[in-house]
J.: 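Right, I'll just put the structure down here and ask away after.
As the structure is a computational prediction, the values presented were derived from the model and not from experiment. Atom set for the values below is all heavy atoms of this structure, side chains included, hydrogens, waters and symmetry mates excluded.
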Amino acid sequence: MFRSALGKTLGFVGYTIQYGCVAHCAFEYIGEFVACSGPSMEPTITSHDVVFSERLSRHLCRIENGDIVIAKNPFDPHMNICKRVIGLEGDKVCTSGPSDIFKTHQYVPKGHVWLEGDNLRNSTDSRSYGPVPYALIRGRVCLKLWPLHHVGALNQSPTGRVVKRSD
């Protein structure tokens with residue numbers, strides 16, 4: 001009786017560890033579900049929206065202008081941020097706020113991206129902390145999953161601030 005119970009317990013623990021490893025690898029290398037909070041990406045993404053962030057683009061260097069990404073916060077690496085890519089390395093971006101009279105510009109250095117929230121008046125982004133190293137990007141947001149009446153691919157930038165490349 002004791003052997004049977006021990007065998008079943010060990011078998012259950014073994015399957016739990018296997019499935020845990022598979023789930024960890026899937027979430028670490030393929031993608032993850034992210035619950036967003038804060039007003040910085042409104043109206044595209046609002047608080048309590050759930051999105052799917054795929055991680056393959058980051059590894060394949062397929063992040064492009066206009067993509068929405070999940071990245072580590074440059075001020076607090078324990079927190080993630082959700083922002084739109086406005087400029088890639090070598091791009092010239094406007095660093096001024098929307099209400100600034102005099103416009104200033106900056107080139108994005110090699111190995112960095114320029115990130116901004118869609119809600120320019122209420123977003124802490126690259127205008128505050130500068131270009132973000134590409135290595136801090138965790139994944140590219142490709143789908144909104146919640147709320148159900150907004151399920152689908154995400155739309156273009158409502159601000160129109162995405163830098164157009166002249167390649």
Side-chain angles (χ1 to χ4, degrees), residues 23-100 103-148 150-165:
H24 169 75
C25 289
F27 290 135
E28 187 64 29
Y29 300 107
I30 297 172
E32 66 181 335
F33 302 100
V34 179
C36 298
S37 63
S40 71
M41 284 302 292
E42 290 178 355
T44 309
I45 299 172
T46 59
S47 279
H48 311 298
D49 283 359
V50 177
V51 296
F52 180 74
S53 170
E54 58 88 9
R55 297 201 171 184
L56 298 174
S57 293
R58 177 183 77 114
H59 296 295
L60 299 173
C61 299
R62 301 258 181 193
I63 301 296
E64 298 176 0
N65 282 331
D67 286 347
I68 298 173
V69 297
I70 304 294
K72 288 292 182 188
N73 186 328
F75 290 151
D76 182 2
H78 300 292
M79 291 182 61
N80 290 327
I81 57 173
C82 179
K83 306 288 180 195
R84 189 178 299 273
V85 176
I86 301 299
L88 301 170
E89 60 183 43
D91 289 345
K92 180 181 177 183
V93 295
C94 178
T95 58
S96 308
S99 60
D100 292 348
K103 301 299 179 192
T104 57
H105 296 85
Q106 178 177 342
Y107 284 97
V108 180
K110 185 173 176 75
H112 290 71
V113 294
W114 191 268
L115 302 178
E116 290 183 7
D118 286 351
N119 185 354
L120 294 175
R121 299 194 189 287
N122 196 3
S123 178
T124 303
D125 48 36
S126 286
R127 293 172 295 147
S128 303
Y129 43 71
V132 175
Y134 195 84
L136 292 183
I137 295 177
R138 305 275 298 148
R140 182 179 62 88
V141 175
C142 55
L143 288 173
K144 185 187 286 191
L145 301 171
W146 186 263
L148 290 176
H150 285 118
V151 171
L154 295 169
N155 57 356
Q156 296 291 329
S157 171
T159 64
R161 283 179 57 95
V162 176
V163 174
K164 303 284 189 254
R165 297 208 79 151

J.: Nearest 0.5 Å, please: how far is OG1 in Thr44 from NZ in Lys144?
T.: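 It is 7.0 Å, given to the nearest 0.5 Å.
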J.: I need the minimum non-hydrogen distance between Ser126 and Pro131, along with the two atoms involved.
T.: OG-CA, 4.3 Å
J.: Search all heavy atoms of Asn119 against all heavy atoms of Pro39 and return the closest pair with its distance.
T.: ND2-O, 3.1 Å
J.: Taking the side chain from Asp49 and the backbone from Thr46, do they hold a donor-acceptor pair closer than 3.5 Å?
T.: yes
J.: Mark yes or no for whether Asp91, through its side chain, and Val93, through its backbone, hold a donor-acceptor pair below 3.5 Å.
T.: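 Here the side-chain-to-backbone pair does not exist.
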J.: State the NE2-CD1 distance between His112 and Ile137, to the nearest 0.5 angstrom.
T.: 10.5 Å
J.: Does any part of the side chain of Asp125, heavy atoms only, come nearer than 4.5 Å to the side chain of Ile86, both counted from C-beta?
T.: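 Answer no - side chains too far apart.
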J.: Among Glu42, Glu116, Arg84, Lys83, find the residue that satisfies the side chain to side chain donor-acceptor pair (under 3.5 Å) test when tested with Ser123.
T.: Lys83
J.: What is the minimum heavy-atom distance between Cys82 and Ser40, and which atoms define it?
T.: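 It is O-OG, 4.0 Å.
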J.: Counting C-beta onward and ignoring hydrogens, is there a side-chain heavy-atom pair between Trp114 and Gln106 closer than 4.5 Å?
T.: yes
J.: How long is the span from the CD1 atom in Ile70 to the SG atom in Cys36, to the nearest 0.5 Å?
T.: 5.0 Å
J.: OH of Tyr129: more than 12 outside heavy atoms within 6.0 angstrom?
T.: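 Result for OH/Tyr129: enclosed.
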J.: Going through the checks in order, is the side chain to side chain contact (heavy atoms under 4.5 Å, CB included) test met by Ile63 and Arg140?
T.: CA-CA 7 Å; Ile63 301 296; Arg140 182 179 62 88; 3.9 Å; yes
J.: Please check: side-chain N/O of Ser37 versus main-chain N/O of Ser47, any donor-acceptor pairing under 3.5 Å?
T.: no
J.: So, taking the atom named OH in Tyr107 and the one named CD in Glu89, what distance separates them when rounded to the nearest 0.5 Å?
T.: 14.5 Å
J.: Is there a side-chain contact between Ile45 and Val51, using heavy atoms and a 4.5 Å cut-off?
T.: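 Yes, at least one pair of side-chain atoms sits under 4.5 Å.
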J.: Quick check: are there more than 12 heavy atoms from other residues, nucleotides or ligands sitting under 6.0 Å from NE2 of His105?
T.: yes
J.: Just do the side chain to side chain contact (heavy atoms under 4.5 Å, CB included) check on Leu88 and Val108 with the steps written out, would you?
T.: CA-CA 6 Å; Leu88 301 170; Val108 180; over 6 Å; no
J.: Would you mind reporting whether Leu115 and Val85 have side-chain heavy atoms less than 4.5 Å apart?
T.: yes
J.: How far does NE2 of His78 sit from NZ of Lys72, to the nearest 0.5 angstrom?
T.: 8.5 Å
